[in-house]
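First up is the structure itself, then whatever we jot down about it.
In this text the structure is predicted, and so the values were computed from the model without any measurement.
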Amino acid sequence: MTDGDSGDRVRKTAGEPVARREDEALLTGRAEYTDDLDRPGTVHLVFVRSDHGHARIEGIDTEAAAELEGVLGAYTWADLEASESPCVLSISSSALDCEPPGHPVLARDRVRYQGQPIAAVVAEDRYIARDAAEAVEIEYEPLEAVVDPVGATDDGAPTIFEEAPDNVALTAELGDRGETDRAFEAADRVVDIELVNNRLISSAIEPRAALASYDPAERRFTVEMTSQSPHGHRRDLSHTLGVPERELRVIAPRVGGGFGHKGHHHPGEAMAAWAARELERPVKWVATRSGNYLEGAHGRDHVTRGELAVDDDGSLRGLRVETHAGVGGYGLGGGPAMPGWYGRLLSSQYEIPAIHCETRAVFTNTAPVHSYRGAGRPEAIYVTERLVDVAARELGIDPVELRRRNQLPSDAFPHETPVGSEYDSGDYARALEAALDAVSYDDLRAEIDAEREGRDDELPQTLRGVGVANYVESTGGGFESGVVRVHPDGGVTVSAGTHSHGQGHGTTYAQLVADVLELPMAEIDVHEGDTDRVPKGTGTFGSRSTITGGNAVVESAEMVLEKARRVAAHELEANPDELAYESGEFRLEGDAERTIPFADVASAAYGRGLPDGVEPGLEATTFYEPDGTAYTFGTHVAVVSIDSRTGELEIERYVAVDDCGERINPTIVEGQVHGGVAQGLGQARYEEAVYDDDGTLLTDSLETYAVPRAEDLPEIETDATVTPSPRNPLGVKGIGEAGTIAAPPALVNAVVDALEPVSVDHVDMPLTDERLWRAIHGEPSTE
Ligand code: MCN
């Protein structure tokens with residue numbers, strides 16, 4: 001690993017394993033997170049949350065709370081309404097079948113999930129605020145709840161919004177139903193599966209938090225908060241508070257992980273900002289772990305039936321999918337629309353001539369659902385990759401061989417799938433073969449088969465299996481802004497509208513700009529997460545930052561270099577095209593004496609006597625939008641053994657081969673794969689948000705919601721192939737979510753392979769020891 005700066009000559013750093021610059025501060029406790037920030041006069045906000053999953057609010061008594069010493073205010077919906085702020089978190093999708101009201105910052109007269117904020121208390125310190133919150137009395141009339149997305153569409157299920165009597169927010173179709181039906185009729189056989197993509201909760205180390213201040217003289221809010229998308233939050237806060245965007249500055253300081261949910265607008269930051277204006281005091285709100293679990297957007301929650309039409313030679317003919325997707329008790333931003341497009345990756349890496357996907361997004365009495373690392377792509381790939389394994393078993397063809405027969409060849413690109421994705425580039429076979437080589441697949445398969453053949457009728461103590469999952473992931477989208485500002489002394493500040501909360505943009509953006517300007521990385525600072533620094537940004541989600549932000553800062557750096565060339569030419573009394581530029585110095589071709597360093601050019605750019613037509617200053621702003629989506633791909637393989645007496649699962653090997661096009665920093669890419677696989681294996685083995693029938697979240701803390709610890713994870717062996725994307729100048733594709741997409745099907749396929757001797761066709765995630773034991777011993781599930 002390098003520090004990116006070595007020797008006199010500035011070397012190119014892109015593609016090099018440069019050490020992450022941000023880690024020293026992060027690892028030595030010097031990084032400041034929202035809760036570390038303090039402004040003079042800060043007061044603290046705590047929510048009173050609903051105890052019920054579904055109830056009418058008959059009365060709220062805040063009197064006792066308001067009278068406690070140190071309490072500045074105890075607020076309910078009536079106070080928000082009286083202030084004439086809209087105070088409703090909007091739903092940003094017009095595609096819905098109904099128009100349910102958005103999520104009110106504080107409940108009006110009804111709560112639709114446990115943990116929904118009903119009242120807010122502000123006090124001099126957070127302990128008083130907590131005591132005061134406990135003193136608020138709420139009278140409920142409990143209503144029947146429904147928590148499962150299929151049950152919520154049954155006749156007689158309780159209605160959550162009058163505007164959607166059947167609880168269906170959206171019914172969406174992708175692909176061609178008629179063509180798919182015909183493909184099914186023509187195929188030799190059809191296999192099917194019913195599966196659940198378990199509901200997940202984001203377990204970022206830092207729960208959500210905000211510190212909001214209001215300056216009445218400037219008529220301006222400053223909201224420092226845990227945001228993946230400061231400009232997105234500025235837009236949402238502007239709607240919620242009813243103030244123009246220019247009156248809001250959103251700053252995301254260090255943020256301890258996000259995984260999607262810190263990109264969405266929740267009540268906390270809006271309530272803190274409202275109270276800051278009301279009280280003219282800085283107001284801090286920090287979610288507790290349980291508060292975050294109850295109310296922070298959850299992920300997944302799909303119940304799916306999938307059918308695959310195949311011919312006896314293994315050709316895939318058609319895919320038919322029906323999904324009920326839970327969207328929770330309220331729509332949050334674009335959350336309810338997500339199930340409408342999740343099926344766009346159902347084709348995975350295969351040539352499937354006809355696909356049809358019908359999805360229902362369904363309200364339930366649970367926390368709102370939105371994007372969680374992968375956001376729709378893990379759900380789609382899981383369906384297809386499980387079905388391919390089911391078909392392989394039915395046909396008696398090795399699952400790898402079935403994949404090989406149907407994978408798109410490397411000359412098939414661009415390729416349009418029947419569900420509306422246009423893949424840019426790929427060499428799927430290369431990644432598959434690399435992953436198979438890593439585990440010596442043929443030998444391993446033969447070994448496992450021999451173990452099975454050798455057994456008599458008794459159940460062997462160890463059941464071994466191997467599972468393979470291919471995937472395709474859509475990455476990048478929308479525009480991003482990048483600013484490169486050269487200071488008069490030649491130092492450079494780079495700003496972008498993305499936000500790094502673990503991804504290492506501070507390193508990779510510095511690498512990219514250092515390469516264009518041929519300066520040491522130490523000369524380049526990177527700032528993200530402040531709406532005042534860049535004119536408009538989109539944010540970090542959907543593995544988009546490298547494609548959009550990376551190309552934006554490169555384009556700005558190139559513009560800066562062009563202007564610097566003109567200034568340098570003027571200083572050297574030459575034509576710009578006579579100059580060579582290398583290692584931070586302009587030089588007149590053929591005259592070694594006539595040179596000028598970049599820092600002197602910067603100084604000249606801010607001085608007098610610039611060439612005609614050149615304005616003072618040396619900076620550039622770019623709004624970059626790629627030519628289309630970049631499709632990352634790869635193959636993951638898991639090798640497992642299960643103790644048939646206990647159901648205990650061991651992951652013997654885990655191999656990940658991913659292709660994200662050109663890699664700016666292979667070490668960071670590897671780290672992203674590790675993190676993603678850890679979360680994917682977390683979903684597959686341990687994690688599940690469980691509600692009881694009344695809508696009480698039974699997994700509302702880290703004691704009951706099982707996140708994998710380091711010791712629970714196998715060694716993750718990584719490798720990469722490189723197939724550049726033709727859709728952006730850097731040739732990059734995103735990598736931030738790859739692991740969460742590939743790991744669940746790889747592990748479940750391996751486990752179901754291991755269970756082949758006991759004739760088990762499928763086990764739903766999470767693959768707990770108990771579930772596996774029950775599957776092995778034919779015991780019914782207790783759930
Ligand atoms: N990278 C690279 N070369 C590429 C692609 C990426 O060097 N071809 C590097 C990038 O420069 C960047 C990192 O890998 O430093 C991730 O880049 P990218 O794939 O563009 O993803 P984003 O930066 O947009 O990150 C978003 C993605 C998502 S959607 C989630 S969710 C997620 C994730 O990243 N949440 C994370 N990774 C996370 N990692 C941490 N530690 N914490 C989170 O909350």
Exercise for review: Could you walk me through whether T696 and Q114 pass the side-chain hydrogen bond (donor to acceptor under 3.5 Å, both in side chains) test, one step at a time?
Suggested key: CA-CA 6 Å; T696 301; Q114 187 206 9; 4.8 Å; no
Practice item. Go through Y705 and L200 one step at a time and tell me if the side chain to side chain contact (heavy atoms under 4.5 Å, CB included) criterion holds. Key: CA-CA 9 Å; Y705 184 83; L200 302 178; 3.7 Å; yes
**Study point:** H264/F541 under ring-ring contact (aromatic ring centres under 6.0 Å, His included): CA gap, chis, key distance, verdict
**Key:** CA-CA 11 Å; H264 317 314; F541 47 86; 8.3 Å; no
Exercise for review: For Y293 and T699, run side chain to side chain contact (heavy atoms under 4.5 Å, CB included): C-alpha distance rounded to whole Å, both residues' side-chain angles, the deciding distance at 0.1 Å, then the answer.
Suggested key: CA-CA 8 Å; Y293 271 23; T699 52; 6.0 Å; no
Practice item. Start with the C-alpha gap between W274 and T240, add the side-chain angles, then the distance that decides, and say whether side chain to side chain contact (heavy atoms under 4.5 Å, CB included) holds. Key: CA-CA 9 Å; W274 184 92; T240 307; over 6 Å; no
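Between R208 and E295, at least one side-chain nitrogen of the basic residue sits less than 4.0 Å from a carboxylate oxygen of the acidic one, meeting the salt-bridge criterion. For E687 and R300, the salt-bridge test fails: no basic side-chain N is under 4.0 Å from an acidic carboxylate O. With respect to the salt-bridge test (charged N to carboxylate O, under 4.0 angstrom), the residues D166 and R360 do not qualify. Remark: E247 engages R219 in a salt bridge, criterion side-chain N to carboxylate O under 4.0 Å. Checked for salt-bridge contact, E358 and R177 meet the test: a charged N lies under 4.0 Å from a carboxylate O. A salt bridge does not link E703 with R289: none of the charged nitrogens is closer than 4.0 Å to a carboxylate oxygen.
Sorted by first and then second residue, the side-chain hydrogen bond (donor to acceptor under 3.5 Å, both in side chains) pairs with a member in residues 335-344 read T323-Y342; sequence neighbours excluded. For residues 210-234, every residue pair satisfying the ring pair (Phe, Tyr, Trp, His ring centres under 6.0 Å) rule, not counting sequence neighbours, is listed here: Y214-F221.
Side-chain contact between E379 and T304 is absent, with no heavy-atom pair separated by less than 4.5 Å. Taking the side chain as every heavy atom from C-beta outward, V88 and P101 never approach each other to under 4.5 Å. Contact check for F161 versus C98: no side-chain heavy atoms found under the 4.5 Å cut-off. E124 places a side-chain heavy atom less than 4.5 Å from the side chain of L72. Side-chain contact between T364 and N167: absent, with no pair of heavy atoms (C-beta onward) separated by less than 4.5 Å. You'll find the side chain of S227 stays beyond 4.5 Å of the side chain of E269, heavy atoms only. Contact annotation: the side chain of Q683 approaches that of N198 to within less than 4.5 Å [non-hydrogen atoms, C-beta and beyond].
In this structure, CG on L174 lies 10.5 Å from CG on L345, to the nearest 0.5 angstrom. Rounded to the nearest 0.5 angstrom, Q116 CD and L106 CG are separated by 9.0 Å.
A donor-acceptor contact under 3.5 angstrom links the side chains of S545 and T540, judged on distance only. Using modelled atom types, one finds a donor on one side chain and an acceptor on the other under 3.5 Å when comparing S543 with E737.
Other residues, nucleotides and ligands contribute only 12 or fewer heavy atoms inside 6.0 Å of the CD atom of E63.
Evaluation of the ring-ring contact (aromatic ring centres under 6.0 Å, His included) rule for H239 yields no partner, not counting sequence neighbours.
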